[in-house]
2 protein chains.
Amino acid sequence: MVKLMDAIVKEPFDREKQFAAKRRAVIASAGQAFRRKGYHNISMVEIAKTLGLSKAALYYYVSNKEEVLFECHLMTYDAMDAILKTKPSSVTNTLDYLQALYIDFVRLLTQSGVSLLTDVDSLTDDNKAFVISRRNKIERKIIRLVKEGQKDGSIRAGDARLIVFFFMGALNWLNAWYDTSGRLVDEDIARHFGEQMRAGIAA
Amino acid sequence: MVKLMDAIVKEPFDREKQFAAKRRAVIASAGQAFRRKGYHNISMVEIAKTLGLSKAALYYYVSNKEEVLFECHLMTYDAMDAILKTKPSSVTNTLDYLQALYIDFVRLLTQSGVSLLTDVDSLTDDNKAFVISRRNKIERKIIRLVKEGQKDGSIRAGDARLIVFFFMGALNWLNAWYDTSGRLVDEDIARHFGEQMRAGIAA
DNA sequence: CATAAATTTGACTCTTGAGTCAAATTTATT
DNA sequence: AATAAATTTGACTCAAGAGTCAAATTTATG
């Protein structure tokens with residue numbers, strides 16, 4: 001068995017970096033599993049074995065299962081925030097910009113290992129609240145963009161919240177079928193989703 | 001506490017009907033709970049208490065938890081099949097028909113207690129396969145419709161499968177946020193989703 | 001190559017929740 | 001009211017999986 005963890009060794013040998021990197025690898029790998037089978041259908045032992053570790057070793061990097069789920073969510077929202085920081089490249093209108101963002105979101109979910117997790121209800125109340133607030137923050141940002149687009153005439157009228165829920169739903173659902181329909185090319189999905197999203201809201 | 005089960009008494013007194021009705025009530029109530037908190041975050045005891053029963057009584061109607069989840073899925077797909085049986089009312093083109101179907105789907109999810117369940121991975125392999133095959137059947141039917149629409153010129157070109165995944169995703173995701181955003185009116189959601197779906201695929 | 005810190009492990013404990021069952025209770029019917 | 005079937009229950013068993021810990025092993029560095 002190839003031990004995933006071996007790959008991560010950094011050079012001058014910084015213990016903290018090493019540890020942090022392995023920890024990240026643990027979270028990421030667990031995230032994959034959570035997405036594929038669901039949080040409760042995957043055990044810590046399985047997660048450990050996938051990485052070539054024993055359960056006890058896993059707990060050296062992580063203090064409990066829920067923490068892992070929590071950090072998975074954080075990783076995803078960090079990545080989305082990063083995309084949202086991108087400024088509109090030039091004179092494009094809001095619709096164009098929104099479409100570009102959306103395509104980046106799709107790419108994030110298909111190409112990187114990052115996934116939009118669902119099992120929010122399995123989180124502690126505190127963590128759940130935190131994760132939801134981050135999601136809301138992103139949602140609000142996009143809603144604001146839609147409203148702008150409605151002002152500058154590039155996006156058609158209608159409840160901005162519903163408009164956003166619709167296409168963000170399509171995005172969220174991606175993870176549910178993406179794994180199992182291999183014959184679709186990532187970039188094709190991104191392009192197509194970008195177009196269908198745009199057509200759905202263009203003025 | 002109001003015992004939900006009391007409401008269901010039928011008249012001439014048919015034992016089988018009575019039993020079947022209560023059983024359905026159990027499944028439906030459990031389905032609500034599954035949707036709200038997730039299959040694994042709700043115990044059989046909780047489901048029982050919601051109905052004013054003890055766990056043991058619950059097991060009089062149902063042989064195990066997984067069976068309940070399975071039947072929830074079946075109920076949903078039955079309802080969707082029923083909608084899909086609706087023939088296009090008159091001379092409308094395929095796009096109009098598809099939009100009408102879609103609006104009915106949204107209504108199904110917002111107005112009735114029926115919900116699109118996610119925890120497919122918590123099912124037995126057999127049941128999982130069965131449920132997925134039913135979902136695929138529905139998906140294929142809709143894909144076929146899209147292709148028809150592309151032929152008759154009402155729907156724009158593009159990979160029919162991706163087109164369907166997109167708007168069905170928006171639909172699936174409804175359940176995730178619907179509960180918690182009460183200020184939206186059901187019929188508004190249906191109308192809006194219908195429009196955005198149509199605009200996204202119209203030729 | 002000695003050593004101290006970092007990492008890993010096997011073998012545990014403990015909790016939660018699914019599922020069972022014999023006995024108690026309720027109900028429709030005579 | 002008596003009774004037989006249907007329904008409900010309390011009090012169990014059992015398995016799975018999360019989390020712990022002292023001891024063993026590996027590793028970077030002098």
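Proteins come first, then strands; the chains are lettered A, B, ... in the order of their sequence lines, and each starts at number 1.
Between B:Glu139 and B:Phe165, the shortest heavy-atom contact is OE1-CE1, 3.3 Å. Closest approach of B:Asn64 to B:Met44, counting heavy atoms only: C-CE, 4.3 Å. Closest heavy-atom contact between B:Leu69 and B:Tyr39: CB-CE1, 3.7 Å. Nearest heavy atoms, A:Ala157 versus A:Ile163: O-CD1, 4.4 Å. Heavy atoms only, all atoms of each residue included: B:Arg35 and B:Gly113 are closest at NH2-O, 3.9 Å. Among all heavy-atom pairs drawn from A:Ile27 and A:Cys72, the shortest one is O-SG, 3.5 Å.
Rounded to whole angstrom, the span from the CG atom of A:Leu58 across to the C1' atom of C:dT8 amounts to 12 Å. In this structure, CD of B:Glu67 is placed 14 Å from C1' of C:dA18, rounded to the nearest angstrom. Distance B:Ile47 CD1 to C:dG17 C1': 12 Å, rounded to the nearest Å. Following rounding to the nearest Å, B:Leu51 (CG) and D:dT9 (P) show an atom-to-atom distance of 11 Å. Atom NZ of A:Lys17 is separated from atom P of D:dA28 by 17 Å (rounded to the nearest Å). Rounded to a whole Å, the CZ atom of A:Phe19 is 17 Å from the C1' atom of D:dA28. Between the P atom of C:dA28 and the CD atom of B:Gln18 lies a distance of 8 Å, rounded to the nearest Å. Straight-line distance from the CD atom of A:Glu16 to the P atom of C:dT7: 10 Å, rounded to whole Å.
Taking only side-chain atoms of A:Leu53, from C-beta outward, the nucleotide of C:dT7, C:dT9, D:dT7 with the closest atom is C:dT9.
Note on B:Lys22: every side-chain N or O is 4.0 Å or more away from OP1 and OP2 of D:dA6.
No side-chain donor-acceptor contact under 3.5 Å links A:Thr124 and A:Asp126. Side-chain atoms of A:Ser122 and B:Asn41 include a donor-acceptor pair closer than 3.5 Å.
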Worksheet, complete the sentence: In 5'-to-3' order, the base (B), backbone-only (S) or no-contact (-) status of each nucleotide in nucleotides 10-19 of chain D, using a 4.0 angstrom heavy-atom cut-off, is B-------BB
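The pair A:Asp186-A:Arg107 does not count as a salt bridge, with every side-chain nitrogen at least 4.0 angstrom from each carboxylate oxygen.
Rounded to 10°, the helix from C:dC1-D:dG30 to C:dT30-D:dA1 has 20° between the axis fitted to its first five pairs and the one fitted to its last five.
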